[in-house]
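The structure under discussion appears below in the form of structure tokens.
For ligands, and for the atoms within them, numbers begin at 1 and follow the listed sequence. In this text the structure is predicted, and so the values were computed from the model without any measurement. The figures here come from the full heavy-atom set of this structure, side chains too, leaving out hydrogens, waters and symmetry mates.
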Amino acid sequence: MSGRLANKYALITAAGAGIGRATALAFAREGAKVLATDINAEALASLAAEHPAITTRSLDVTQAEQIQTLVNETGPFDVLFNCAGYVHAGTILDTDEASWRRSFAINVNSMFHLCKAVLPGMLERGRGSIINMSSVASSIKGVPNRFAYTATKAAVIGLTRSIAADYVARGVRCNAICPGTVKTPSLGDRVRALAGDEEANWRSFVQRQPMGRLGEPEEIAALALYLAADESAFTTGTVHVVDGGWSN
Ligand SMILES: NC(=O)c1ccc[n+]([C@@H]2O[C@H](COP(=O)([O-])OP(=O)(O)OC[C@H]3O[C@@H](n4cnc5c(N)ncnc54)[C@H](O)[C@@H]3O)[C@@H](O)[C@H]2O)c1
């Protein structure tokens with residue numbers, strides 16, 4: 001199948017690297033016009049060079065005014081992929097107020113502002129698909145040393161289900177994606193930041209995956225593509241786990 005997103009206009013956050021970048025490319029290859037956003041201008045420039053259907057804008061998802069201005073100037077959109085997220089490592093006792101607030105600002109408040117900005121345009125036209133990035137570390141599974149992260153990603157699931165319920169009869173769908181561990185640049189940063197041998201730290205991430213390997217960004221992008229496309233028209237308010245069997 002090709003042209004699965006023909007005539008669709010998609011907004012993606014954190015599209016400069018990792019899952020967001022793989023998704024921007026997957027959407028563009030399937031015929032979507034993509035507005036890829038990020039805080040990293042260099043990453044956006046290299047992404048835009050990869051496909052002519054991708055245009056880019058700088059967007060810090062923690063800035064509510066920036067979000068509204070961007071949507072006013074570039075919307076309306078058929079698809080919103082809220083991909084931006086931040087991993088704070090630690091137990092509740094390791095989590096100070098600032099880290100807790102930062103985690104909610106990037107992982108949850110951002111989605112509140114983006115959904116609120118994009119929804120009126122979707123409702124006016126009676127169509128839209130919102131995809132929110134959660135994680136297996138959420139209401140699906142408790143993961144050690146991910147206290148603030150897990151709390152925020154559980155909130156993403158609640159936010160998703162609520163939007164889906166409110167607009168189910170008005171053509172707007174809202175679904176969440178819960179990946180297991182995926183090989184992205186930020187995972188590399190987290191591994192390098194750990195104490196001890198880097199190779200051994202990589203192995204510990206791989207060992208907790210029953211398939212014996214990490215996920216690839218493209219494997220998550222494939223699910224986002226399905227949820228963005230009309231082939232998933234009967235799917236809303238759902239939580240999609242793509243974790244190589246980790247939570248099973
Ligand atoms: N990688 C994993 O193992 C994994 C697993 C489960 C869920 N996730 C979730 O997937 C999403 C993407 O993660 P990833 O690992 O692919 O990418 P990542 O964490 O490496 O980030 C990708 C991009 O986010 C941008 N970014 C950072 N702060 C931003 C901000 N305030 N506003 C806009 N952009 C910002 C960075 O510049 C970067 O280009 C996150 O929500 C993450 O929590 C990742």
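- Considering both main-chain and side-chain atoms, Ser135 never comes within under 3.5 Å of ligand 1 through any nitrogen or oxygen pair.
- Any N or O atom pair closer than 3.5 Å counts here, and Lys153 shares at least one such pair with ligand 1.
- Atom 10 (O) of ligand 1 has its closest protein heavy atom at Met133 CG, 3.3 Å.
- Looking at Asp60 next to ligand 1, an N or O pair under 3.5 Å apart turns up.
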Requested in this report: Begin from the C-alpha positions of Ser134 and Ile177 and carry the test side chain to side chain contact (heavy atoms under 4.5 Å, CB included) through to its verdict.
Outcome: CA-CA 6 Å; Ser134 180; Ile177 296 182; over 6 Å; no

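- When only modelled atom types and interatomic distance are considered, Thr160 and Asn132 share a side-chain donor-acceptor pair under 3.5 Å.
- Ser138 and Arg146 form no side-chain donor-acceptor contact under 3.5 Å, judged by distance and modelled atom types alone.
- In terms of polar-atom proximity, Ile106 is not counted as a contact of ligand 1, lacking any N or O under 3.5 Å from an N or O of the ligand.
- Checking side-chain atoms of Arg170 against main-chain N and O of Leu123 turns up no donor-acceptor pair under 3.5 Å.
- Annotation: Thr184 places an N or O atom under 3.5 Å from an N or O atom of ligand 1; distance criterion only.
- Of all the listed residues (Cys83, Cys178, Gly16, Ala22), Cys83 holds the heavy atom that lies closest to atom 41 (O) of ligand 1.
- A donor-acceptor contact closer than 3.5 angstrom links the side chains of Ser99 and Asp96.
- Enclosure of atom CD in Glu73 by more than 12 non-hydrogen atoms of other residues, nucleotides or ligands within 6.0 angstrom is indicated.
- Where the criterion is an N or O separation shorter than 3.5 Å, residue side chain and backbone included, Asp38 meets it with respect to ligand 1.
- In this structure, Ala84 has a heavy atom closer than 4.0 Å to ligand 1.
- A donor-acceptor pair shorter than 3.5 Å can be found between the side chains of Thr181 and Gln209.
- Relative orientation of the Trp100 and Phe147 rings is parallel, given thresholds of 30° and 60° on the angle between their planes.
- At a heavy-atom distance under 4.0 Å, only backbone atoms of Ser134 (N, CA, C or O) approach ligand 1.
- The protein atom (non-hydrogen) at minimum distance from atom 34 (N) of ligand 1 is Ile39 N, 3.8 Å.
- For atom 3 (O) of ligand 1, the nearest protein heavy atom (residue, atom name, distance) is Val182 N, 2.7 Å.
- The shortest contact between atom 24 (O) of ligand 1 and any protein heavy atom is with Ala14 CB, 3.2 Å.
- When heavy-atom distances to ligand 1 are checked against a 4.0 Å cut-off, Leu187 has no atom that comes that close, whether in backbone or side chain.
- With a 4.0 Å cut-off on non-hydrogen atoms, Leu59 touches ligand 1 through its backbone and not its side chain.
- Of all protein heavy atoms, the one closest to atom 16 (O) of ligand 1 is Ile19 N, 2.8 Å.
- The salt bridge (charged side-chain N to carboxylate O under 4.0 Å, His left out) with Asp78 is formed by just one residue from the set Arg173, Lys33, Lys8, Arg127; it is Arg127.
- Ionic pairing of Arg21 and Glu50 is present here: one or more N-O contacts between side-chain nitrogen and carboxylate oxygen are shorter than 4.0 angstrom.
- Ranking the protein heavy atoms by distance from atom 4 (C) of ligand 1 puts Gly180 O, 4.0 Å first.
- Ligand 1 has no nitrogen or oxygen under 3.5 angstrom from a nitrogen or oxygen of Gly20.
- Protein heavy atom in closest approach to atom 18 (P) of ligand 1: Ser186 OG, 3.4 Å.
- No side-chain donor-acceptor contact under 3.5 Å links Ser103 and Asn107.
- By the 4.0 Å N-to-carboxylate-O rule, Asp230 lies too far from Arg4 to be salt-bridged with it.
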